[in-house]
Structure formats: C-alpha cells, structure tokens
Enquirer: 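Below you will find the structure I want to go over with you.
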Number of protein chains: 2
Amino acid sequence: MTDLDAPTTAELIAKRLRYDILSGKLKPLQPLRQDEIAAQMGVSKIPTREALVQLKTEGLVVIHQNRGAVVAEFSASEVAEVYEMRAALETLAIRRAIPNMTKSDFVRAEGLIEIMDDTHDALNWSELNWEFHAMLYRPANMPRLLEHIRMLHSNVARYVVHYLTSVDYHAEAQRQHRLILQLCRTGNIAQATPQLEAHLTQAGKKIAQFLKKDEG
Amino acid sequence: MTDLDAPTTAELIAKRLRYDILSGKLKPLQPLRQDEIAAQMGVSKIPTREALVQLKTEGLVVIHQNRGAVVAEFSASEVAEVYEMRAALETLAIRRAIPNMTKSDFVRAEGLIEIMDDTHDALNWSELNWEFHAMLYRPANMPRLLEHIRMLHSNVARYVVHYLTSVDYHAEAQRQHRLILQLCRTGNIAQATPQLEAHLTQAGKKIAQFLKKDEG
DNA sequence: TTGTGTATAATCGTATACGATTATACTAAT
DNA sequence: ATTAGTATAATCGTATACGATTATACACAA
C-alpha cells in the first residue's frame, strides 16, 4: 500500500503553474510549452496537458487550437468585471454566514488581521487576505459558492499583488477589514453586507484604474 | 490546409458527454469509464481524460483518484445553493444589461417566449429557457459573467428537466418571463431585478423540494 | 456463517512514439 | 525591397503500450 491520496502528476503540475502565475513569475501572454514544462518537471506531456486544461477552466490560462497555451491576460475591464462578480457572490456568502459565526471564527479572523498588520510582502499579504475573506464566508456552509469565489479571487490575485507592490493600500484595507469583522461580531447583516460590497468595489476600481494606465 | 478550427477530439467527447448528462441519458453516479467511452467514440483514452477533466471543472462530473469518474450528483441543498448563486449573478447581469438593450433584443426575446409556448418537450424547453435568459444578460457585455451563469445553469439543467417532466410549470414560468421582459422594455431596473430574483428563487425552492422527496 | 488473505481481472495514470499542424528560415520572383 | 512560395524545424494532438492502483472472486480459517 502506498500513500492513500498522493496527488496525481497533473495536479502537481497544475499547482506549480498556478503558483508561478499568481506570484507573477509567469507573466501574462507568456507561452506555456508542453514539452518544456514536462521536461522541467521530469514527466511526460500527458499530465501537463491535463494541468493546462484545468488551469484554462480556472481562467488562468488560454489555450489556442494547435498553437499552445499562454498565461491569461486580463484587461482592466475584465478585472473590473471579476470584482463585480465577487461583490455579488461575496455579499451573498457573508449574509448567509453571519448567523452561523461562532466566537472562534471571530478570534481566528482577528488573528489573521493582526498577522497582516506585520506582513509587507505583497504575495503573502494577498494569501492572508484570501484566508481572511474565506473565514468570513465559510460559516455559510456553501462549499460550491466558496469554490467559485476562490476561483474569482485567484483570477485577479496577480493584479492585486502587482498593485500592492506599487501603492500602499494596506492601512486602508485593514481599516475596512476591522470594520467588517466588527459588524459581523454584532450580527449586523444590514451594514456588514454593504460595507463588504464597498470594500470590493473600491478595490476593483482602484486596480482597474491602475491597469488602465499600463494599457494606455 | 484543413478546417481552420475543427474541434479537437477532446472537445467533441466533452460535448457529447455533456449532452448525454444534461439530457438525463447518463444518470447521477453512473460511472464513466475511460476505455469504454474511448472505444465507443473510436478514439483513445487521452482525449477522453481531458474531456472528463473539463467536465469536472464544469461540475458535471466527479473524479476520484484511481477510481475513475462518475456523473455528478447534486443534493437538494446543493441545487438550492446553485440557485442562490444564480440569483446573485443574474440580477447583476440584468441590472447591467437593461440600459444597453435594443429593440431587436426585445423582438428576439419575445420570439423565444412564443416558441416556448408551443414547446412541450422538457429538454428543448430548458434549452430555450436558457437562450431567453442569456438574451436578457448579453447586453451587459460581461462575457465572463455570462459564462459563469451558463455553467451554473448547466449544473442544474438536468434537475430542471426532471422536474418539468413531472410538474406543469410552463404557464407559471412563461407568465414570469413576460413580466420580466416587459419591465426590461420600460427600462425599469428597480422592478425587473427583484422580479428576476423571485423567478429564480421560486424555481430553486420548487426543484429543491421536489428533489428532497426523492432523497427522503 | 463471517471474516481474512490472495490471485486475478478491470481500470486508471503516464511514458513513449508518431502523424498533424503551425511557425520559421530561406529562396526565388516581381 | 517586398512578396510568394517552399523546405525545415518546432510544437501540438492523439494512439499505443505498460506499470500502478483498485475492484472482484475465491479459498480458507475462525
């Protein structure tokens, strides 16, 4: 008997490529050649192809017929679109979650905020930021919803990181995080929901605007 | 030179499997064996596996490590969850779409409703129903949003078909469709949005309830 | 009977191999 | 010089082959 659920080769490749894309090591429009990736990982093309198909449906990769895959590029308006979708889904999630939140949820969320206070690496901060948001949504017990939100988050994470390395947004974001968490603590759905929506809408607009400069 | 974008074998298999799942020919939990499917289509396993990976991320198939794939089964509560997500995203879509709707959009939407009046086959009706809804959202010019909605629709389409074959919901649905379209015509976002939300919430509840009887 | 172990078959996951498609470099003609 | 055409290389997509994992059947002991 071997490891009960050893990740499949395709999963390993997908994980690695995903990380390299999110961290910015692989840049938008950069080609992802099957042979090259396979050789690098010391495996064949077959699992590599499956990994690329997976990442395609996650929106991180674009595959062109017989022309191979490239890292997906999001335009400013597409990033804005993703943030609108996130706002719609994440407000739903927090609405359903608040009634089920427990004391330990609040403690752990507060803990994350404090760690983020001392985290200045943009990539780490982005990951902690997702963990914080996920914590607010998990009590909703809506796993499919959470998975969709996670995918949307991962779609724009690269651009968030890029933005954070240029602009100091930490203090502002942290202030909003603390406010939203406080509203959750008091069970105030009526105010927590629009605050979260504003938090996301504002971030989306800032990042889209930031990208537009590059595009122009 | 051959056909410029002839669909890849994997895409053909995915399309076929998707149709067979949505139409109910392949039932929930039914195993999807790679060799069997490949032999049936006269191809090898490689593109078959890619098709299954694709359908997995669409939520129509579940793959277990070294144990193969089965048609995904949605519990009543999962169907309800999908409908909540649809309500969140589709209200966003229609809100953004209404200001951009043109006369020809209204004509075509009305045409679809009339065709649906005479469509009694549940599968056909379900497809037309999607086309009608998509028509309401397309003017939003949010392709990623539309694609997500399409996936969610396809997740529950089987159960809609199943429900429609047992219960006569056509008249009620058509009445709501006409009302929503009329509100779009007059640019009444304030009322169209909650009407659409009610339309979806109601359908979701009915279908979830219907499924619960089977589960119990 | 019920459970446990082992042999066999079925199925999966991936490496290798190869034809098909697309990109690139080079030649020749206008 | 620019373009069109062709040969060559690079890359993709899929068939075949095979080791690895899991399921099944059956013998045997408690």
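Below, chain A is the first sequence line, B the second, and so on; all start at residue 1. Remember, it's a predicted structure, so these values are computed and weren't measured experimentally.
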Enquirer: Among residues 50-58 of chain B, which contact DNA chain C at a heavy-atom distance under 4.0 Å?
Expert: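 When residues 50-58 of chain B is checked for heavy atoms under 4.0 Å from DNA chain C, there are no hits whatsoever.
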
Enquirer: Glu172(B): what forms a salt bridge (Lys or Arg N to Asp or Glu O under 4.0 Å) with it, not counting sequence neighbours?
Expert: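 Listed in chain order: Arg175(B).
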
Enquirer: Polar pairs (N or O, both sides) under 3.5 Å between protein and nucleotides 16-18 of chain D?
Expert:
none

Enquirer: Write down the distance between CD (Glu11(A)) and P (dC12(C)), rounded to a whole number of angstrom.
Expert: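 After rounding, the gap between these two atoms is 16 Å.
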
Enquirer: Does the protein touch nucleotides 5-11 of chain C at the base, only the backbone, or not at all? Give it as B, S and - per nucleotide, heavy atoms under 4.0 Å.
Expert: ------S

Enquirer: Nearest-Å distance, CZ (Arg49(A)) to P (dT14(C))?
Expert: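 Between P of dT14(C) and CZ of Arg49(A): 14 Å.
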
Enquirer: Rounded to the nearest Å, what distance is computed from the NE2 atom of residue His64(B) to the C1' atom of nucleotide dT21(D)?
Expert: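 One finds 15 Å between C1' of dT21(D) and NE2 of His64(B), rounded.
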
Enquirer: What residues, two or more places apart in sequence or in another chain, satisfy side chain to side chain donor-acceptor pair (under 3.5 Å) together with Glu131(A)?
Expert: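 Side chain to side chain donor-acceptor pair (under 3.5 Å) check on Glu131(A) returns Arg138(A).
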
Enquirer: Taking Glu11(A)'s backbone N and O only, do any of them form a donor-acceptor pair with Thr8(A)'s side chain (distance below 3.5 Å, no angle check)?
Expert: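 Checked: no pair found.
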
Enquirer: What residues form a side-chain contact (heavy atoms from CB on, under 4.5 Å) with Asp121(B), not counting sequence neighbours?
Expert: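 Partners of Asp121(B) by the side-chain contact (heavy atoms from CB on, under 4.5 Å) criterion, ordered by chain and then number, come out as Leu123(B), Asn124(B).
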
Enquirer: What pairs meet the side-chain hydrogen bond (donor to acceptor under 3.5 Å, both in side chains) rule with one or both residues in residues 203-216 of chain B, with sequence neighbours excluded?
Expert: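 Non-adjacent pairs meeting side-chain hydrogen bond (donor to acceptor under 3.5 Å, both in side chains): zero.
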
Enquirer: Residues in ring-ring contact (aromatic ring centres under 6.0 Å, His included) with His199(B), at least two apart?
Expert: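 Result, ring-ring contact (aromatic ring centres under 6.0 Å, His included) vs His199(B): His133(B), His177(B).
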
Enquirer: Using the side chain to side chain donor-acceptor pair (under 3.5 Å) criterion, which residues pair with Thr201(B)? Sequence neighbours excluded.
Expert: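 Side chain to side chain donor-acceptor pair (under 3.5 Å) check on Thr201(B) returns nothing, list empty.
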
Enquirer: Going by salt bridge (charged side-chain N to carboxylate O under 4.0 Å, His left out), name the pairs with one or both residues in residues 83-103 of chain A, residues two or more places apart or in two chains.
Expert: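 Sorted pair list: Glu84(A)-Arg96(B), Arg86(A)-Glu90(A), Arg96(A)-Glu84(B).
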
Enquirer: Roughly, in whole Å, what's the span from CD1 in Ile63(B) to C1' in dT21(D)?
Expert: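 Checked: the CD1 to C1' distance equals 16 Å.
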
Enquirer: Just to verify, what does Glu147(B) make a side chain to side chain donor-acceptor pair (under 3.5 Å) with, not counting sequence neighbours?
Expert: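 Once residues adjacent in sequence are excluded, the partners of Glu147(B) under the side chain to side chain donor-acceptor pair (under 3.5 Å) criterion are Arg150(B).
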
Enquirer: Mind checking what makes side chain to side chain donor-acceptor pair (under 3.5 Å) contact with Ser104(B), not counting sequence neighbours?
Expert: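 Only Thr102(B) meet the side chain to side chain donor-acceptor pair (under 3.5 Å) criterion with Ser104(B).
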
Enquirer: Using every non-hydrogen atom in the two residues, find where Leu200(A) and Tyr83(A) come nearest and quote the distance to one decimal.
Expert: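 Distance-wise, the nearest heavy atoms are O-CD2, 3.4 Å.
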
Enquirer: Measure CE/Met41(A) against P/dA15(C) and give the value in whole Å, please.
Expert: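 These atoms are roughly 10 Å apart.
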
Enquirer: So, is Thr9(B) close to the dG13(D) phosphate, meaning a side-chain N or O under 4.0 Å from OP1 or OP2?
Expert: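 False: Thr9(B) side-chain N/O out of range (4.0 Å or more) of dG13(D) OP1/OP2.
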
